[in-house]
A.B. asks: 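Below you will find the structure I want to go over with you.
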Amino acid sequence: MTENSGIPRGTRKNRIGEVVSNRADKTIVVKVERKAPHPLYRKIVKRTRKYYAHDELNQAQVGDRVEIQETRPLSKMKRWRLVTIVQRTATATEE
């Protein structure tokens with residue numbers, strides 16, 4: 001365990017989000033939304049962030065809900081990898 005935080009060393013972050021692009025080979029772009037209070041007005045607002053993730057088998061399609069996990073740097077922008085596809089889109093299941 002590290003001194004400053006209560007998180008054990010080696011624990012990797014997980015995020016669940018929606019695939020917004022899969023055009024690059026073995027790479028997906030995942031949009032992750034979170035809700036946070038506005039710093040001044042304290043209203044809950046949506047914050048989004050895009051993560052580049054490694055998809056070895058090119059199995060995720062645009063619109064899929066996926067789980068990604070933090071990993072070592074794989075390229076200039078990729079620091080996440082695909083763990084599982086939580087929910088497929090309707091168009092992906094029809095094909």
Side-chain angles (χ1 to χ4, degrees):
M1 267 216 194
T2 57
E3 284 286 325
N4 299 338
S5 65
I7 302 168
R9 186 173 146 82
T11 304
R12 294 181 173 165
K13 297 173 188 164
N14 288 335
R15 301 279 186 266
I16 294 179
E18 181 183 343
V19 177
V20 292
S21 174
N22 65 346
R23 287 177 172 228
D25 187 33
K26 298 186 180 182
T27 302
I28 56 175
V29 182
V30 181
K31 177 181 74 171
V32 176
E33 282 188 355
R34 65 182 179 89
K35 294 180 181 177
H38 186 278
L40 179 61
Y41 302 114
R42 299 293 174 212
K43 179 183 177 181
I44 303 296
V45 291
K46 284 184 188 175
R47 300 285 183 202
T48 60
R49 172 130 189 230
K50 290 195 293 186
Y51 295 98
Y52 286 76
H54 185 67
D55 180 9
E56 183 65 35
L57 305 175
N58 287 323
Q59 56 191 357
Q61 301 297 320
V62 175
D64 287 353
R65 198 144 177 78
V66 296
E67 181 182 358
I68 56 175
Q69 186 177 58
E70 190 177 37
T71 187
R72 65 183 175 83
L74 299 170
S75 70
K76 178 181 175 182
M77 300 192 61
K78 284 201 298 192
R79 269 92 174 122
W80 296 81
R81 64 182 173 86
L82 176 68
V83 178
T84 58
I85 297 175
V86 178
Q87 183 180 11
R88 290 233 181 237
T89 58
T91 56
T93 54
E94 291 172 2
E95 293 175 359

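The first residue in the sequence is number 1, and the count goes up from there. No hydrogens, no waters, no symmetry mates; every other heavy atom, side chains included, goes into these values.
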A.B. asks: How long is the gap from NZ on K50 to NZ on K31, to the nearest 0.5 Å?
C.D. replies: 9.5 Å
A.B. asks: Please give me the minimum heavy-atom distance between H38 and V45, naming the atom from each residue.
C.D. replies: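 The answer is N-CG2, 4.4 Å.
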A.B. asks: Nearest 0.5 Å please: distance from the CD1 atom of I44 over to the NZ atom of K35.
C.D. replies: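 NZ of K35 is found 8.5 Å from CD1 of I44.
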A.B. asks: Counting only heavy atoms not in Y52, do more than 12 fall under 6.0 Å of its OH?
C.D. replies: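 Atom OH in Y52 is not crowded, with 12 or fewer foreign heavy atoms closer than 6.0 Å.
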A.B. asks: Say you draw a straight line from CD1 of I16 to CZ of R34; how long is it, rounded to the nearest 0.5 Å?
C.D. replies: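 These two atoms lie 16.0 Å from each other.
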A.B. asks: Would you give the length of the straight line joining atom CG of L74 to atom CD of E56, rounded to the nearest 0.5 angstrom?
C.D. replies: 10.0 Å
A.B. asks: Can we say E33 and R47 salt-bridge, meaning some charged N sits less than 4.0 Å from an Asp/Glu carboxylate O?
C.D. replies: no
A.B. asks: Just so I know, are the side chains of E70 and W80 near enough to count as touching, which here means a heavy-atom distance under 4.5 Å?
C.D. replies: yes
A.B. asks: Determine the sole option in V19, V66, D55 for which the side chain to side chain contact (heavy atoms under 4.5 Å, CB included) test with I85 is passed.
C.D. replies: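 Answer after filtering V19, V66, D55: V66.
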A.B. asks: Please report the shortest heavy-atom distance between A53 and V30, naming the atom on each side.
C.D. replies: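 Scanning both residues completely, I find the closest heavy atoms to be CB-CG2, 4.5 Å.
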A.B. asks: Does anything in residues 71-80 pair up under salt bridge (charged side-chain N to carboxylate O under 4.0 Å, His left out), and if so which pairs, sequence neighbours excluded?
C.D. replies: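 Of all non-adjacent pairs touching residues 71-80, none passes salt bridge (charged side-chain N to carboxylate O under 4.0 Å, His left out).
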A.B. asks: Between D25 and N58, is a side chain to side chain contact (heavy atoms under 4.5 Å, CB included) present by the stated rule, with each step listed?
C.D. replies: CA-CA 7 Å; D25 187 33; N58 287 323; 3.0 Å; yes
A.B. asks: Go through the steps for L82 and Q59 under the test side chain to side chain contact (heavy atoms under 4.5 Å, CB included), then give the verdict.
C.D. replies: CA-CA 10 Å; L82 176 68; Q59 56 191 357; 3.7 Å; yes
A.B. asks: Determine whether a donor-acceptor pair (N or O, by modelled atom type, separation under 3.5 Å) exists between the side chain of D64 and the backbone of T89.
C.D. replies: yes
A.B. asks: Q69: which residues meet the side-chain hydrogen bond (donor to acceptor under 3.5 Å, both in side chains) condition with it, sequence neighbours left out?
C.D. replies: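 Only N14, R81 meet the side-chain hydrogen bond (donor to acceptor under 3.5 Å, both in side chains) criterion with Q69.
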A.B. asks: Please step through salt bridge (charged side-chain N to carboxylate O under 4.0 Å, His left out) for the pair E67 and R15, ending with a clear verdict.
C.D. replies: CA-CA 6 Å; E67 181 182 358; R15 301 279 186 266; over 6 Å; no
A.B. asks: Any link between I68 and M77 through a network of hydrophobic side chains (Ile, Leu, Val, Met, Phe, Trp, Tyr) touching at under 4.5 Å?
C.D. replies: no
